Amino acid sequence: MATSIRIAAAALLALSCHANALEPARLEPGWEKGAFMEIFVRGYQDSNGDGVGDLRGLASRLDYLKDLGIRGIWLMPVTASSDHDHGYATTDFRHIAPEYGTNADMALLLREAHKRGIGVIMDYVVNHSSEQHPFFQGASKSRKSIYRDWYVFDDAQVPGYADGWTVFDKNPWYPSKAGDYLGIFGKDMPDFNWRNPKVARYHFNSLRYWLDMGLDGYRLDAVPHLVENNAKDWNDQPESRALTRKMRALIQSYPHRYVVCEATAKPIDYAAPDLCGSAFAFGLQYDIVKAAQGDAKAVQAVADYYAAMPAGMATMLSNHDGFAGRRAWDQFKGDDARMRLAAASYLLAPGTPFIYYGEELGMAGSPGQNPDGELRGPMSWGDARPFSKAPPFRPYSTNAVAQNAQAENPLLGYYKQLLALRNGLPAIARGRFENAQVAGLVMSFQRRLGDQNVVVLLNYGEQAANVILERLPPTSALVSELPANGQPARSDEQGRATITVPPLSTAVFRVLP
Ligand SMILES: [Ca+2]
Ligand SMILES: [Ca+2]
């Protein structure tokens with residue numbers, strides 16, 4: 001059974017390889033500036049009643065994502081892994097995890113997503129494999145294994161190389177039958193030896209494998225950790241940047257592909273067009289949440305960040321990792337108005353926004369889990385067609401009955417409105433960020449692209465605010481886009497307009513010359 005599926009998938013791949021050179025672009029240029037959904041496949045939709053989400057389940061929810069206004073999907077790791085949870089301990093870089101489906105299911109998901117104008121990128125774990133990976137099983141059992149030089153062993157380096165290391169408060173060296181090996185992220189995840197050209201060739205071919213199938217790009221995991229030089233110089237080394245550059249170039253040798261890097265320490269460096277091109281704006285999410293909670297300093301910090309950041313930043317409110325913060329709904333303790341402000345603070349701003357699955361529903365964490373586990377629960381679809389017919393792999397969210405995709409859910413409607421603006425007004429998706437003004441708890445800015453000029457005003461305060469907008473085109477009409485039936489306004493001959501923004505709300509105007 002498995003063999004015949006693999007053969008079918010291989011035949012399908014062969015077809016897509018040949019078609020690749022002549023194939024027209026599947027997605028519109030600039031598609032990656034639409035909003036992405038970060039999806040934990042295990043928690044999204046189960047199709048076969050085993051209580052575990054899978055690719056066919058996700059494919060059956062593509063209409064929901066399209067209807068919401070999503071333009072891209074980031075799949076957390078979907079290839080075979082040994083951790084039975086997040087998937088970052090890879091055991092096979094070229095086969096889908098059996099509990100998620102087959103490579104043919106992946107090809108199906110890509111086709112169905114493209115039909116709906118949605119691009120799909122997947123996590124690729126470049127720094128390490130699982131200790132269960134057959135390569136490491138060989139490398140760690142015998143010094144004679146052909147795979148031993150695929151990993152970092154202390155005796156392959158200068159004497160004393162493994163002495164005196166502390167990485168994330170731990171000694172990253174672990175014993176094995178074949179000597180001590182390096183595991184920056186722990187014993188279960190041995191680091192690849194990226195100085196070995198065979199390792200680089202293997203991963204470059206794996207990246208090509210999924211691109212040839214039609215994948216629209218990658219989220220490259222932990223790239224500043226590819227190469228370590230010594231006990232002191234192990235983070236963000238020049239060699240790691242050079243490899244990241246090379247991978248980005250390889251991926252973007254295919255048309256309309258998007259790459260985003262996880263580079264927690266120096267994300268702005270990694271978002272440079274000649275390095276990764278895009279990187280997660282770690283840190284910004286704390287300020288957005290604080291701003292939406294009414295912290296004036298944070299409001300200024302958000303405006304300053306957008307004014308200074310490269311266009312390729314990937315923004316978010318939270319993600320699958322506890323260090324990035326709890327689920328947004330939990331951080332706001334269910335305060336719908338502040339949750340909306342946080343959403344507007346990144347979905348109407350520059351960069352590529354990544355919504356964490358369920359955020360748009362106001363989904364809370366899974367009960368009784370560790371800090372990471374509570375973030376990765378089953379999606380709150382509602383009872384009519386739930387996540388699974390079987391007991392789920394992890395308990396449903398604490399508010400799955402109150403906040404789901406089927407019940408009357410004003411927050412979901414609001415996310416649709418924001419994404420409709422992003423998709424309908426190119427200045428919001430791709431325009432410059434200009435003329436930011438901050439006064440206390442009120443922030444406004446203009447987004448401009450070609451002739452299109454859009455003004456966004458956010459009032460994080462509990463009182464209505466009168467904002468005097470400056471530097472507008474003189475004597476222009478301001479047409480309200482949010483709320484849809486809002487009062488219009490006009491700028492005077494000095495390019496000023498006075499707008500009243502209700503408490504805890506966002507207003508969007510299109511400026512017509
Ligand atoms: Ca399943
Ligand atoms: Ca490494």
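In listed order, ligands and their atoms are each counted from 1. No experiment lies behind these values; they were computed from the predicted model shown.
Inside a sphere of radius 3.0 Å centred on the Ca ion (ligand 2), the protein N/O/S atoms present are N127 OD1, D191 OD2, H225 O, L226 O, E228 OE1, E228 OE2. Around the Ca ion (ligand 1), protein N, O or S atoms at less than 3.0 Å comprise D46 OD1, N48 OD1, D50 OD1, V52 O, D54 OD2.
R94 forms a cation-pi arrangement with Y202, by the criterion of a distance under 6.0 Å to the ring centre and an angle within 45° of the ring axis. For the pair R327 and Y357, the cation-pi test (distance below 6.0 Å, angle within 45°) is passed.
Salt bridge status for E28 with R71: absent, with no side-chain N to carboxylate O gap under 4.0 Å. Checked for salt-bridge contact, D46 and K389 miss the test: no charged N lies under 4.0 Å from a carboxylate O.
Note on ring orientation: taking the six-membered ring where Trp is involved, the planes of F282 and F323 are tilted (angle from 30° to 60°). Using a 30° and 60° split on the angle between ring planes, W150 and Y147 fall in the perpendicular class, above 60°. Relative ring orientation between Y258 and W31 is described as perpendicular, the plane-to-plane angle rising above 60° on a 0-90° scale split at 30° and 60°.
The 12-atom threshold is not exceeded at CG of D383, counting heavy atoms of other residues, nucleotides or ligands nearer than 6.0 Å.
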Subject >> Stepwise side chain to side chain contact (heavy atoms under 4.5 Å, CB included) test for D50 and F393 >> reply: CA-CA 9 Å; D50 63 359; F393 69 101; over 6 Å; no
